[in-house]
Asks: 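I am attaching a structure below and will ask some questions about it afterwards.
Just so you know, these numbers come straight off a predicted model, no measurement behind them.
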Amino acid sequence: MRFVSRNQPFVVRKDSGLAGATPFKDLSRLWTADYLSGKMKGEQVQVAITPHGNADSIVQLSDGGSVFVKPYEVMEPFEQAIHAIFTQEKLKNDQGATRYLQTQNDNLRGEYAKIFADVMDPIAWAREALEKEPDAVNFWLGNSYSVSATHKDNYENIYFQVCGKKHFVLMSPVEAPCVNERSVLAATYEPRDASIKSSDLKKDDLQIRIDDPEVYIPSVTWDPDNPLLNTTPYSNYARPLHVTLDAGDTLYLPALWYHKVSQSCGEDHISCSINYWYDLEYGGLFWSTAKFVQNIGLLSLQNTEQERQAEAIRNGRDVNAK
Ligand SMILES: O=C(O)CCC(=O)C(=O)O
């Protein structure tokens with residue numbers, strides 16, 4: 001409760017020895033690729049397919065513009081999807097399309113209900129500290145080719161690593177002015193040729209299609225791993241935290257923290273996680289203060305842009321020239 005009230009992350013390591021702190025410890029031994037394939041045999045699951053493991057991410061176009069691209073989504077038998085994820089990792093197949101099982105719609109209690117039975121009740125300490133039940137329990141399965149781009153969620157997040165590792169880059173809500181959130185045109189990956197079966201897709205078979213009707217999505221455009229691009233005047237003040245979760249570790253990721261997430265695999269050639277989302281507390285000062293900081297940051301960007309244009313006009317330059 002002290003950490004939640006301070007909106008401050010922490011990790012419970014698997015060997016911390018805190019009674020009840022790591023209730024899913026045994027899941028890391030149980031959920032091997034073989035076990036999951038057996039339990040989920042015959043189940044159809046939604047699969048996100050991308051050329052570079054970049055679901056829901058900003059892609060720079062050759063004409064200089066950028067789009068927010070969502071994955072190509074298909075239904076596949078679970079055992080086919082896990083086999084493709086496993087095989088791409090094992091063979092280090094850079095030419096294959098990348099699959100990530102990442103539907104964040106309470107999928108563990110929905111399409112993965114057959115393995116939800118292995119997961120105990122929501123973590124007792126989280127229920128006590130957050131004083132609520134989870135809105136969603138999610139299952140994630142991928143390989144080292146997938147990266148979740150920097151974003152934030154309106155949820156308190158308890159994130160448990162089952163197997164493989166997850167590498168988080170975290171930035172607090174107060175760093176909103178650093179991350180250059182903008183409305184970006186939405187697009188979706190689709191196969192160039194509709195006759196190619198999803199199981200045969202290579203990364204070059206996917207192309208970007210702008211969504212119709214056009215939609216703009218608020219997106220983080222500054223990448224802490226590429227800090228000289230898409231900066232704001234404040235980006236160099238960001239102090240990203242780097243946290244790696246090993247199998248059996250649990251992260252408390254507080255609401256509205258920006259996070260970029262990559263993964264690596266152990267000898268099972270998969271990375272698997274579960275997480276619990278609890279709605280954030282909108283009463284009190286936290287939400288309004290975070291919004292205030294975000295809006296002040298956005299306003300100062302507009303001012304910077306207006307100053308740049310005013311100076312360009314004073315100097316008789318083309319205002320659209322960078
Ligand atoms: O595990 C991932 O790839 C992303 C996790 C995430 O964004 C979340 O739990 O909110």
Side-chain angles (χ1 to χ4, degrees), residues 11-48 75-87 89-90 99-130 132-144 146 148 155-166 168 244-253 261 263-278:
V11 176
V12 182
R13 296 289 176 198
K14 68 170 180 297
D15 297 324
S16 68
L18 289 172
T22 53
F24 310 124
K25 215 169 150 180
D26 293 338
L27 219 52
S28 298
R29 270 196 298 275
L30 184 65
W31 278 12
T32 59
D34 280 348
Y35 175 86
L36 291 171
S37 301
K39 273 275 194 181
M40 288 289 294
K41 200 167 176 51
E43 294 295 314
Q44 294 282 324
V45 295
Q46 194 169 318
V47 183
M75 297 301 288
E76 286 184 345
F78 177 83
E79 64 267 31
Q80 178 182 315
I82 192 172
H83 181 74
I85 289 168
F86 166 96
T87 309
E89 183 70 28
K90 188 164 182 201
R99 282 172 171 68
Y100 197 17
L101 307 184
Q102 56 134 33
T103 37
Q104 297 143 54
N105 56 357
D106 202 21
N107 63 7
L108 197 49
R109 295 188 286 197
E111 55 185 356
Y112 297 96
K114 281 207 173 145
I115 50 172
F116 182 59
D118 293 337
V119 181
M120 288 169 49
D121 271 350
I123 312 147
W125 54 260
R127 182 196 286 132
E128 205 173 316
L130 298 164
K132 53 185 75 148
E133 298 298 323
D135 274 7
V137 187
N138 297 316
F139 173 82
W140 307 76
L141 192 133
N143 62 26
S144 64
S146 282
S148 295
Y155 288 110
E156 305 285 357
N157 193 343
I158 305 290
Y159 196 101
F160 177 76
Q161 188 60 15
V162 182
C163 57
K165 293 177 198 256
K166 276 273 157 96
F168 285 81
T244 290
L245 295 188
D246 283 306
D249 293 343
T250 309
L251 168 69
Y252 164 57
L253 173 58
V261 190
Q263 45 201 320
S264 48
C265 303
E267 54 193 31
D268 230 5
H269 304 295
I270 54 171
S271 171
C272 175
S273 328
I274 55 179
N275 87 298
Y276 285 79
W277 266 335
Y278 301 78

Asks: Hey, is Asp249 close enough to Lys14 for a salt bridge, meaning N to O under 4.0 Å?
Replies: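 Lys14 and Asp249: not salt-bridged.
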Asks: Under a 3.5 Å cutoff, is there a donor and acceptor pairing between the side chains of Ser271 and Gln161?
Replies: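 Gln161 and Ser271 do have a side-chain donor-acceptor pair below 3.5 Å.
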Asks: Within a reach of under 6.0 Å around NZ of Lys114, are more than 12 heavy atoms found that belong to other residues, nucleotides or ligands?
Replies: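 Correct, the count exceeds 12.
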Asks: Could you tell me if the side chain of Asn275 sits less than 4.5 Å from the side chain of Ile158, heavy atoms only?
Replies: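 The answer is no, as the side chains (C-beta and beyond) never meet within the 4.5 Å cut-off.
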Asks: With Asp34, which residues qualify under salt bridge (Lys or Arg N to Asp or Glu O under 4.0 Å), at least two apart?
Replies: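 With neighbours one apart ignored, the set is empty.
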Asks: How long is the span from the CZ atom in Phe168 to the CD atom in Gln263, to the nearest 0.5 Å?
Replies: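 Phe168 CZ to Gln263 CD: 9.5 Å, rounded to 0.5 Å.
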Asks: Yes or no on salt bridge (charged side-chain N to carboxylate O under 4.0 Å, His left out) for Lys132 and Glu156, after CA distance, side-chain angles and deciding distance?
Replies: CA-CA 11 Å; Lys132 53 185 75 148; Glu156 305 285 357; over 6 Å; no
Asks: For the residue pair Tyr155 and Trp277, does the interplanar ring angle fall in the parallel (under 30°), tilted (30 to 60°) or perpendicular (over 60°) class?
Replies: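 Rings of Tyr155 and Trp277: parallel, as their planes differ by under 30°.
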Asks: Does the side chain of His83 come within less than 4.5 Å of Ser37's, by heavy atoms?
Replies: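 No - every pair of side-chain heavy atoms lies 4.5 Å or more apart.
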Asks: In Å, rounded to the nearest 0.5 Å, how long is the span from CD of Glu267 to SG of Cys163?
Replies: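 One finds 10.5 Å between CD of Glu267 and SG of Cys163.
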Asks: Check the pair Asp246 / Lys165 against salt bridge (charged side-chain N to carboxylate O under 4.0 Å, His left out), numbers first and verdict last.
Replies: CA-CA 5 Å; Asp246 283 306; Lys165 293 177 198 256; 2.8 Å; yes
Asks: With side-chain contact (heavy atoms from CB on, under 4.5 Å) as the test, would you mind laying out the steps for Gln102 and Gln46 before giving the verdict?
Replies: CA-CA 8 Å; Gln102 56 134 33; Gln46 194 169 318; over 6 Å; no
Asks: Is any side-chain heavy atom of Tyr276 closer than 4.5 Å to one of Leu108?
Replies: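 Side-chain contact under 4.5 Å: no.
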Asks: Taking only residues two or more places apart in sequence, or in another chain, which ones meet Lys41 in a salt bridge (Lys or Arg N to Asp or Glu O under 4.0 Å)?
Replies: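 Checked Lys41 against salt bridge (Lys or Arg N to Asp or Glu O under 4.0 Å); matches are Glu79.
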Asks: Relative to the ring of Phe139, is the ring of Trp31 parallel (under 30°), tilted (30 to 60°) or perpendicular (over 60°)?
Replies: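 Answer is perpendicular, since the angle exceeds 60°.
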Asks: Under the criterion side-chain contact (heavy atoms from CB on, under 4.5 Å), I'd like the reasoning laid out for Gln44 against Gln80: C-alpha separation, chi angles, the key distance, then a yes or no.
Replies: CA-CA 10 Å; Gln44 294 282 324; Gln80 178 182 315; over 6 Å; no
Asks: At their closest point, which heavy atom of Cys265 faces which heavy atom of Ser144, and how far apart are they?
Replies: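 Residues Cys265 and Ser144, closest heavy atoms: SG-N, 3.8 Å.
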Asks: Using the side chain to side chain contact (heavy atoms under 4.5 Å, CB included) rule, pick out the option among Leu130, Asn157, Asp135 that qualifies with Tyr278.
Replies: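 So the option named by the test is Leu130.
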Asks: Using 0.5 Å steps for rounding, measure from the CD1 atom of Ile85 to the OG atom of Ser146.
Replies: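 The OG atom of Ser146 is 7.5 Å from CD1 of Ile85, to the nearest 0.5 Å.
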Asks: Any side-chain heavy atom of Glu43 sitting closer than 4.5 Å to one from Pro77?
Replies: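 Side chain of Glu43 against side chain of Pro77, heavy atoms only: no contact under 4.5 Å found.
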Asks: Hey, does Val12 have a side-chain heavy atom less than 4.5 Å from the side chain of Trp125?
Replies: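 Counting from C-beta outward, Trp125 and Val12 do come under 4.5 Å.
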Asks: Measuring from Phe160:CZ to Leu251:CG, what's the distance to the nearest 0.5 Å?
Replies: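 The CZ atom of Phe160 sits 12.0 Å away from the CG atom of Leu251.
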Asks: Would you name the heavy atoms of Leu36 and Leu141 that are closest together and state the gap between them?
Replies: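 That would be CD1-CD1, 3.9 Å.
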Asks: Are Asp268 and Tyr35 close enough that a side-chain donor and a side-chain acceptor fall under 3.5 Å?
Replies: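 Looking only at side-chain atoms, Tyr35 and Asp268 do not form any donor-acceptor pair under 3.5 Å.
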Asks: Below 4.5 Å, heavy atoms only, C-beta onward: do Thr87 and Lys90 meet side chain to side chain?
Replies: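 The answer is no, as the side chains (C-beta and beyond) never meet within the 4.5 Å cut-off.
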Asks: Taking only residues two or more places apart in sequence or in another chain, which ones pass side-chain contact (heavy atoms from CB on, under 4.5 Å) with Ala247?
Replies: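 Only Ser28 meet the side-chain contact (heavy atoms from CB on, under 4.5 Å) criterion with Ala247.
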Asks: For Val119 and Leu27, which heavy atoms make the closest approach, and how far apart are they?
Replies: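 The answer is CG2-CD2, 4.1 Å.
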Asks: Please tell me if the side chains of Leu101 and Ile82 come closer than 4.5 Å, counting only heavy atoms from C-beta onward.
Replies: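 No, every pair of side-chain atoms sits at 4.5 Å or beyond.
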Asks: Quick one: sort the Trp140 and Tyr159 rings into parallel, tilted or perpendicular, breaks at 30° and 60°.
Replies: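 Correct class here is tilted.
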Asks: Side chains of Val45 and Met40: closer than 4.5 Å at any heavy-atom pair?
Replies: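 In contact.
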